[in-house]
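Below is one structure, written out as structure tokens; the observations come after it.
None of these values were measured; they are calculated from a predicted model. Index from 1, following the sequence.
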Amino acid sequence: MTIHLPDAHGTLRPYEPRTEPLAFSPGVPFTSRTVFAAAHVVADPYADVTPDSPAAVDWDATLAFRRHLWSHGLGVAEAMDTAQRGMGLHWAGAAELIRRSAAEARAVGGRIACGVGTDQITAGTLDDIRAAYEEQLAVVEEAGAQAILMASRALAATARGPEDYLEIYGHLLRQAADPVILHWLGPMFDPALEGYWGSSDPDAATEVFLDVIAAHPGKVDGVKISLLDAGREIELRRRLPKGVRCYTGDDFHYPELIAGDEQGFSHALLGVFDPLGPLAAEAVRVLDTGDTAGFRALLDPTVDLARHLFQAPTRYYKTGVVFLAWLAGHQSHFTMVGGLQSARSLPHLARAYELADRLGLFPDPRRAEDRMRNLLTLYGVDG
């Protein structure tokens, strides 16, 4: 049956949904790449909260989604920006998420790495920032998860220059029990991180970032680069010390970066692998066989959807991710912590539905179509 979807010009256009999904079964662990999907949280739709309230999380649905990712061999990057850190999920909720997800990972044998930041404070001295990082690092290590040192809004606002970044990160790396992942999140994902590493010049910032790694290579498992700049990521990964992985966080160029070239490749830690999980896992297993062309044939067609979800303002990509999880049946509603379901327009969501449906991402295409029709009706559109 035809469904009529609104476009950016206010026009309804016909679309004929597919009737069969692509079927990808759980499989063996990956051998050629380490791959994490940064996972979203499922809100409790019955909680009587406001956008400023502490997040009310549906823990059963949230953990069930993580089991879905683990079942396909993906690692889970927990309590990252995809989980709305700093955009609805406060530190108390993130700490509970880390503890629950880490326990679930142990129960099912899943890989997990968790975000360590400073979001329990909004500003402060360098000592305050160091203490905030230490508090979160302790929670992650006590939970038995790998730590991802995320960029800090408070540090970006307080640091006087590169020396403050070198001091804070050096201190944290020296005390970390196990090698961590360093996360460089660009301002397109969070405008408050403009000038991170002590400079708005990307070349100068890159040098400071590399200096941090070079001073503590044994404490850095890898780096996650979320700059949406494939050339810069390639240049940076070629300069990493031996044994330090590059995890791409580039949701625009991930197929080519993961495939790599004659001088190396990127592993992955991606928010877009939340909706793409089973398809992405199948693509990596094809790559494990040495079939780069087959890998690209599976993953390249997903880039249009990724670029749509992550279009500016990029930080609102979480809305599209949760919307697709609802359409796919991973949750019973389209509600987000902080009320962020309102952050994207109906035409944007309609296009996300169309692109995801064309890829065969919905296990039950008819259910996805029915839910899309329900959303159209809610907006006063006769689909």
Side-chain angles (χ1 to χ4, degrees), residues 34 36-41 55 66 75-106 111-159 164-186 189-190 192-193 196-197 209 212-213 215-216 218-226 244-245 247 249 269-271:
T34 300
F36 291 95
H40 73 280
V41 293
R66 280 133 184 84
V76 168
E78 187 57 276
M80 304 289 291
D81 57 299
T82 305
Q84 296 181 241
R85 289 289 292 272
M87 292 185 69
L89 185 69
H90 302 158
W91 166 237
E96 182 67 13
L97 178 63
I98 288 165
R99 294 185 184 101
R100 288 177 182 249
S101 291
E104 196 73 17
R106 288 194 300 274
R111 183 164 186 164
I112 189 167
C114 300
V116 171
T118 64
D119 46 327
Q120 68 271 56
I121 62 173
T122 56
T125 66
L126 288 180
D127 285 342
D128 295 331
I129 293 165
R130 184 185 301 108
Y133 264 129
E134 288 175 338
E135 177 189 353
Q136 296 200 15
L137 180 61
V139 168
V140 171
E141 291 185 338
E142 287 168 7
Q146 183 178 18
I148 304 171
L149 295 186
M150 301 193 301
S152 162
R153 291 176 179 173
L155 182 55
T158 302
D164 288 340
Y165 290 89
L166 292 167
E167 177 187 339
I168 291 292
Y169 278 90
H171 176 83
L172 294 169
L173 290 170
R174 283 190 295 272
Q175 75 174 61
D178 298 298
V180 308
I181 298 172
L182 296 181
H183 187 188
W184 184 357
L185 191 70
F189 287 93
D190 187 345
L193 299 177
Y196 212 74
W197 305 112
F209 187 56
V212 170
I213 300 163
H216 309 276
K219 286 296 188 75
V220 181
D221 163 71
V223 298
K224 170 175 159 58
I225 310 299
S226 298
V244 176
R245 297 181 177 98
Y247 293 94
L269 199 165
L270 289 162

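Under the 3.5 Å distance criterion, the side-chain polar atoms of K224 are left unmatched by any main-chain donor or acceptor of W184. No side-chain donor-acceptor contact under 3.5 Å links Y165 to the backbone of F209. Looking at E78, its side chain never comes within 3.5 Å of a backbone N or O of A113 through a donor-acceptor pair. Looking at R99, its side chain never comes within 3.5 Å of a backbone N or O of V140 through a donor-acceptor pair. At least one donor-acceptor pair closer than 3.5 Å links the side chain of K219 to the backbone N or O of L173.
In summary, E167 and R130 engage in a salt bridge, as defined by a charged side-chain N under 4.0 Å from a carboxylate O. For R100 and E96, the salt-bridge test passes: some basic side-chain N is under 4.0 Å from an acidic carboxylate O.
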- Task: Mind running side chain to side chain donor-acceptor pair (under 3.5 Å) on Y133 and D128 for me, showing each step along the way?
- Result: CA-CA 9 Å; Y133 264 129; D128 295 331; over 6 Å; no
- Message: side-chain contact (heavy atoms from CB on, under 4.5 Å), that's the test. Do L149 and I181 meet it? Break it down for me.
- Response: CA-CA 6 Å; L149 295 186; I181 298 172; over 6 Å; no
- Stepwise, does the side-chain contact (heavy atoms from CB on, under 4.5 Å) test hold for F189 with D81? CA-CA 9 Å; F189 287 93; D81 57 299; 4.1 Å; yes
- Any chance you could lay out the salt bridge (charged side-chain N to carboxylate O under 4.0 Å, His left out) test for D119 and R153, step after step, and finish with the verdict? CA-CA 8 Å; D119 46 327; R153 291 176 179 173; over 6 Å; no
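Residues I129 and G124 approach most closely at CD1-O, 4.0 Å, considering heavy atoms. Heavy-atom minimum distance, L137 versus A176: CD2-CA, 4.2 Å. Across all non-hydrogen atoms, the minimal contact from I98 to A79 is CG1-CB, 3.8 Å. Nearest approach of I112 to A105, heavy atoms of both residues: CG2-CB, 3.8 Å. Annotation for A156 and A192: closest pair CB-O, 3.6 Å, computed over non-hydrogen atoms. Annotation for L193 and A151: closest pair CD1-CB, 3.7 Å, computed over non-hydrogen atoms.
Distance CG/L172 to CD/Q175: 6.0 Å, rounded to 0.5 Å. To the nearest 0.5 Å, atoms CG (L97) and CZ (R85) are separated by 8.5 Å. D178 contributes atom CG, which lies 6.5 Å from atom CD of E141 (distance to the nearest 0.5 angstrom).
For the pair T34 and R111, the minimum side-chain heavy-atom distance is below 4.5 Å. Side-chain contact between M150 and M80: present, with at least one pair of heavy atoms (C-beta onward) separated by less than 4.5 Å. With contacts defined as side-chain heavy-atom distances shorter than 4.5 Å, the pair V244/D221 does not qualify. Between W91 and T118, every side-chain heavy-atom pair lies at or beyond the 4.5 Å cut-off. Considering only heavy atoms from C-beta on, Y196 stays 4.5 Å or farther from L185 through its side chain. In this structure the side chain of I148 never reaches within 4.5 angstrom of the side chain of V180, judged on heavy atoms. By the 4.5 Å heavy-atom criterion applied to side chains, S226 and H183 are counted as neighbours. Inter-residue side-chain proximity for Q120 and Q136 is flagged as met; some heavy-atom pair is nearer than 4.5 Å.
Using a 3.5 Å distance cut-off with no hydrogens or angles, the side chains of E134 and H171 do pair a donor with an acceptor. In this model, no donor atom of one side chain and acceptor atom of the other lie less than 3.5 Å apart for D164 and Y169.
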